[in-house]
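The first residue of the sequence shown is numbered 1, and numbering continues consecutively from there. Computed from a prediction, not measured in an experiment: that's the story for all the values here.
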Amino acid sequence: MGIHDKDDKKTPVTTEQAAAKVQTIESLFKGDEIQKRFNDMLGKKSAGFISSVIQITRNNKLLAKANPESIMNAAAMAAALDLPINHNLGLAWIVPYGNEAQFQLGWKGFVQLALRTGKYEKINVIEVYENQFKSFDALSEDLDCNFKVKGKGKVVGYAAYLELKEGFKKTVYWDKEEVEAH
């Protein structure tokens, strides 16, 4: 990154200069244009949404170092999907990657978006414990587990099931190692 002097030669920017040029996330979100943008997307929920983004940024040292515009863009993606950025809910995240922040949809966010379509009869994701699991046939997608007993011991995998109103059904099982590798 550089700035140009009178002779149009590139001069390196110091950390202090870069910090002075970059808006803070608070000042960025206080701007009228940004306020209008989020109000158009979220209506009455915009002030609370913006407050939560600012709070999350303050509480995450790595996120606090990210470019405020990248945080705002990630927040705008969450707002466009009407998904709150709240770690307790796990629907959506703003994740720092170096100096840039990116929107990341959580698995609960995927479920929320699916439910909003109105096409699902059933949808669920659960942990599978060692005392529940018997087998999974990847070809036929037959999952043999006893979910009538309370899970005990270690989590050995995760199961997802969906059934569309039109009758389509799907079961997926990933063992814990597959999920961690992913």
Do you know which two heavy atoms are closest between [X] and [Y], and how far apart they sit?
X	Y	result
Leu113	Leu81	CD2-O, 4.1 Å
Phe49	Ala78	CZ-CB, 4.0 Å
Leu89	Pro84	CD1-CG, 3.6 Å
Ile25	Met72	CD1-N, 4.2 Å

Rounded to the nearest 0.5 Å, how far does NZ of Lys122 lie from CG of Leu164?
12.5 Å
Quick check for you: to the nearest 0.5 Å, what is the distance between Ile56 atom CD1 and Leu63 atom CG?
8.0 Å
Angle between ring planes, Trp174 versus His182, binned at 30° and 60°: parallel, tilted or perpendicular?
perpendicular
Intermediate values then yes/no, salt bridge (Lys or Arg N to Asp or Glu O under 4.0 Å), Asp32 and Lys36
CA-CA 6 Å; Asp32 291 340; Lys36 182 183 180 328; over 6 Å; no
Could you tell me whether [X] atom [atom1] has more than 12 heavy atoms of other residues or ligands within 6.0 Å of it?
X	atom1	value
Phe147	CZ	yes
Asp137	CG	yes
Glu177	CD	yes

Determine whether the side chains of Gln104 and Tyr97 contain a donor N or O and an acceptor N or O closer than 3.5 Å.
yes
Check which hydrophobic residues are tied to Leu139 through side-chain heavy-atom contacts below 4.5 Å, counting indirect links as well, and list them.
none
The criterion is salt bridge (charged side-chain N to carboxylate O under 4.0 Å, His left out); which residues satisfy it with Glu163, sequence neighbours excluded?
none
So, the side chain of Ser70 versus the backbone of Ala101: is there a donor-acceptor pair under 3.5 Å, distance only?
yes
Less than 4.0 angstrom from a charged side-chain N to a carboxylate O is my criterion; do Glu26 and Arg58 meet it?
yes
